[in-house]
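We number each residue from 1, following the sequence as shown.
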Amino acid sequence: MIINFVSSEGQEIISFCRTYDYKTAEGVIRLSFQDIFAGKVKEHLVEDPDKAVLKKEFKEVLFPYLSELNSKIGSEENRSYSFRMSPETGGKIRIKDVELHIKVKQSTNKIKILQHQKELYLDELIVKNGKLFSERHDEEFKIEHLEGYLEKTFAPVIF
């Protein structure tokens, strides 16, 4: 680490340098404290690959599908319908007294889909082999699964 103490006139008063030597198969490598510190910080800033897949799939597959569905329903002011969805955290769709919740749980790397009024879990989506995976269907997630949850949840009030 190099620390420079500079006077108010801009003159360098003292410099301090600390380096670390590491033995490797190729010989000795000399690293500064900055290199070591930056490397350690980067290790902690790297996002969990499963979390990255989960966020990407929700933002690029589920959220656009649900947003398009909301657009097709329209933005009429109606107390019987509510669409609150964030590309980061998920949200809910409400028709009359029935709600479908889709929760992106980054702490557990899962997307939970539940029928709210009955507290009925319809599915948990996880990342398996780098893909979004439906635990209920025991297969890679398909948009048809989401359509099934919408139908199951809202059929009693709209069909």
Find the distance between [atom1] ([X]) and [atom2] ([Y]) and round it off to the nearest 0.5 Å.
X	Y	atom1	atom2	value
I102	I93	CD1	CD1	5.5 Å
E151	E144	CD	CD	12.5 Å
K128	S134	NZ	OG	10.5 Å
F133	L125	CZ	CG	10.5 Å
E57	E140	CD	CD	8.0 Å
L54	K110	CG	NZ	11.0 Å

Please check if the number of heavy atoms outside F37 that lie under 6.0 Å from its CZ is greater than 12.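 For F37, atom CZ is not crowded (no more than 12 foreign heavy atoms under 6.0 Å).
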
Once you measure the plane-to-plane angle for H116 and H101, does it fall in the parallel (<30°), tilted (30-60°) or perpendicular (>60°) bin?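 Parallel.
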
Less than 4.5 Å apart, side chain to side chain, heavy atoms only: is that true for [X] and [Y]?
X	Y	answer
M85	F58	yes
L100	L150	yes
L69	F83	no
Y149	L114	no
L122	K152	yes
V61	L132	no
E147	Y65	yes

Could you go through L62 and F141, starting from their C-alpha distance and side-chain angles, then the distance that decides it, and tell me whether this counts as side chain to side chain contact (heavy atoms under 4.5 Å, CB included)? CA-CA 10 Å; L62 280 89; F141 175 76; 3.7 Å; yes

Closest non-hydrogen atom pair between [X] and [Y], with its separation:
X	Y	result
R136	D123	N-OD1, 3.0 Å
Y81	N70	OH-OD1, 2.5 Å
T153	V98	O-CG1, 3.3 Å
R94	R79	NH1-O, 2.9 Å

I'd like to know if the side chain of N129 and the backbone of K131 have a donor-acceptor N/O pair within less than 3.5 Å. no

Side chain N109, main chain I126, donor-acceptor under 3.5 Å: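 No: the side chain of N109 does not pair with the backbone of I126.
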
Taking a hydrophobic cluster as the set of Ile, Leu, Val, Met, Phe, Trp and Tyr residues connected by side-chain heavy atoms closer than 4.5 Å, whether directly or through intermediates, do L120 and F154 fall within one such cluster?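 Yes, same cluster.
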
Cationic N near anionic O, under 4.0 Å, K59 to E88: yes

